[in-house]
Amino acid sequence: MQNLQVLSFSRSTIGKKVIMAVTGVIGIGFILVHMYGNLKVFIGPEYFNAYSEELRELGAPIFGHAHALWIMRLILIASVALHVWAATALTIQARKARPDQYAVKRTLEANYASKLMRWGGVVIFVFILYHLMHFTWGNIHPDFIPGEVYHNLVVGFQFLPNVIFYLIAVSLLGLHLYHGGWSMMQTLGILSPRYDQAVRRGAAAFALLMTLGFAVVPLAVLFGVVK
Amino acid sequence: MKLKLRIWRQANADTQGRFQDYNLDHVSADSSFLEMLDLLNEQLIQAGEEPVAFDHDCREGICGMCGVVINGLAHGPARGLTACQLHMRHYKEGDTITIEPWRAAAFPLIKDLVVDRSAFDRIIQAGGYVSVSTGSAPDANAIPIPKKNADLAMDAAACIGCGACVAACPNGSAMLFTAAKVSHLGQLPQGQVERHNRVAAMVRQMDAEGFGGCTNHGECSAVCPKLIPLDVIGQMNRDLIRAVLSR
Ligand code: HEM
Ligand code: FES
């Protein structure tokens, strides 16, 4: 059946959305663990720095030094690339599908979260690059010391504009996950109408938890709780 | 009542369209939206001007021919109604009403407020049917169908193919229409044999027509005169994924 070729699946609009949903789930898995890991900063410098060290030994003795970490990084890079590729292709297609705009525009069900998926996604993507340059590669960090994760974090968040950008990014991430968390269930067709409202509430709770969980670290540094 | 109308006028697909303003008096609150347009057209014809072209047929809300975007909403402000069933009591003296055609690349404009929706017909032709030998009508209860499935199939089958879902979707997507047709047949025993091929073929045609993808805003279902629920889209997605996996 030529209709069902896998290639034509990734070419189809629904296939692209399924790719976004699956890569989105991988992203959700990552940020959940990342947020949890960040909170270890409250336990103290030694603990936090050791956590960063031990991450490189993840999966030992089966995996060698930093092997498991790199496998996860490659999966994440591929996921972000596919997610952004599908988002871009669908955005272009949607623009083509409505070449002439309405003079009067009104929406009934769309909300800030659903309307901000694309531009919010762009900001999140820029943030990911910025965040890597800031704390991973350190090339835009004022006083980056490799391996001194706690120090890098505390110095990094002493700069107010930086904290503001982080807060904006994690708020947009929250909105992205609020709509995305529900939307992916619909895309994957695993949403039973009976649980629709529960899934929406679950997505809202999850999104709020993520935003607060990420926001609390820069705020704690800014207000001197972590120093 | 007296109304100010801003109506999209365009002679054909090759010319530039623009809004034209009209002042219309003596509009009865009991008249339907299309009767209001009839009143305008009578005056235009008497004045020797070109009447406004708009689609309509049954004027009972069942055929799916009518449909214009009224002040930014497909079929106007009332939920679950077609434009022909919308009554002027929703408006008051002095209101300005902007009337535009469905705007989508897959629905090329024919004239004024009339667009060509044959893209929908081609989606149906691609797979929106069951292949059965015709003949005398089968006995109504020969094939048992659970009540729940019969109800869900009926809800989806209520789609009249008006195109409001496409008109309202910020992405110009035809997912609600296609999904209504896919899940209406997919709920029934008669639709099982061709279920996988149907969804693949219809989605393929939907994409080929140049509709956009779905981002689950929910605008389609909100303006649908038959209130087709968003769930049908989830079901179509599930069917397509299953079709691909079980190929
Ligand atoms: C931390 C990173 C990210 C995570 C965890 C994430 C997660 C998700 C999830 C779960 C969805 C729902 C998929 C669906 O509707 O089936 C989604 C949709 C989407 N994402 Fe992301 N995303 C991330 C980053 C990005 C980036 C960098 C962009 C860049 C352009 C982006 C743009 C979009 C768009 C446009 C949608 C589609 C909304 C829709 O069609 O409903 N996302 N995302
Ligand atoms: S004219 Fe038939 S539905 Fe409106």
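No experiment lies behind these values; they were computed from the predicted model shown. Naming: A, B, ... by sequence-line order, numbering from 1 per chain.
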Interchain contact, B:A167 with chain A, by part (heavy-atom threshold 4.5 Å): both
Contact winner vs chain B - A:G15, A:A113, A:A97, A:P99, heavy-atom pairs under 4.5 Å: A:A97
Salt bridge (charged side-chain N to carboxylate O under 4.0 Å, His left out) evaluation trace for B:R79 with A:E109: CA-CA 12 Å; B:R79 286 214 170 187; A:E109 289 291 324; 3.2 Å; yes
Side-chain donor-acceptor contact under 3.5 Å, A:H134 with A:N152: no
Counterpart residues, side-chain contact (heavy atoms from CB on, under 4.5 Å), relative to B:D95 (two or more places apart): B:L3, B:Y91, B:K92
Flag for A:Q93-A:R95: side-chain donor and acceptor within less than 3.5 Å: no
Flag for A:H131-A:Y166: side-chain donor and acceptor within less than 3.5 Å: yes
Interchain contact, B:P229 with chain A, by part (heavy-atom threshold 4.5 Å): neither
B:Q235, part contacting chain A, at a heavy-atom distance under 4.5 Å: neither
Residues forming a side chain to side chain donor-acceptor pair (under 3.5 Å) with A:T211, sequence neighbours excluded: none
More than 12 heavy atoms of other groups within 6.0 Å of A:F42 CZ: yes
Residue part contacting chain A, namely of B:C169, when any heavy atom lies under 4.5 Å: backbone
Set of residues satisfying side chain to side chain donor-acceptor pair (under 3.5 Å) with respect to B:R9, sequence neighbours excluded: B:Y22, B:D112
Contact origin within B:L230 toward chain A - heavy atom pairs under 4.5 Å: both
Atom group of B:R242 that falls short of 4.5 Å from chain A, counting heavy atoms: neither
Residues of residues 172-180 of chain B contacting chain A, heavy-atom criterion under 4.5 Å, by residue number: B:G172, B:M175
Heavy-atom pair count under 4.5 Å with chain A, highest-scoring of B:I70, B:T98, B:L73, B:I241: B:L73
A:Y112 and A:H179 aromatic centres sub-6.0 Å: no
Side-chain donor-acceptor contact under 3.5 Å, A:K115 with A:T107: yes
Region of B:F19 in contact with chain A, defined by heavy-atom distances below 4.5 Å: side chain
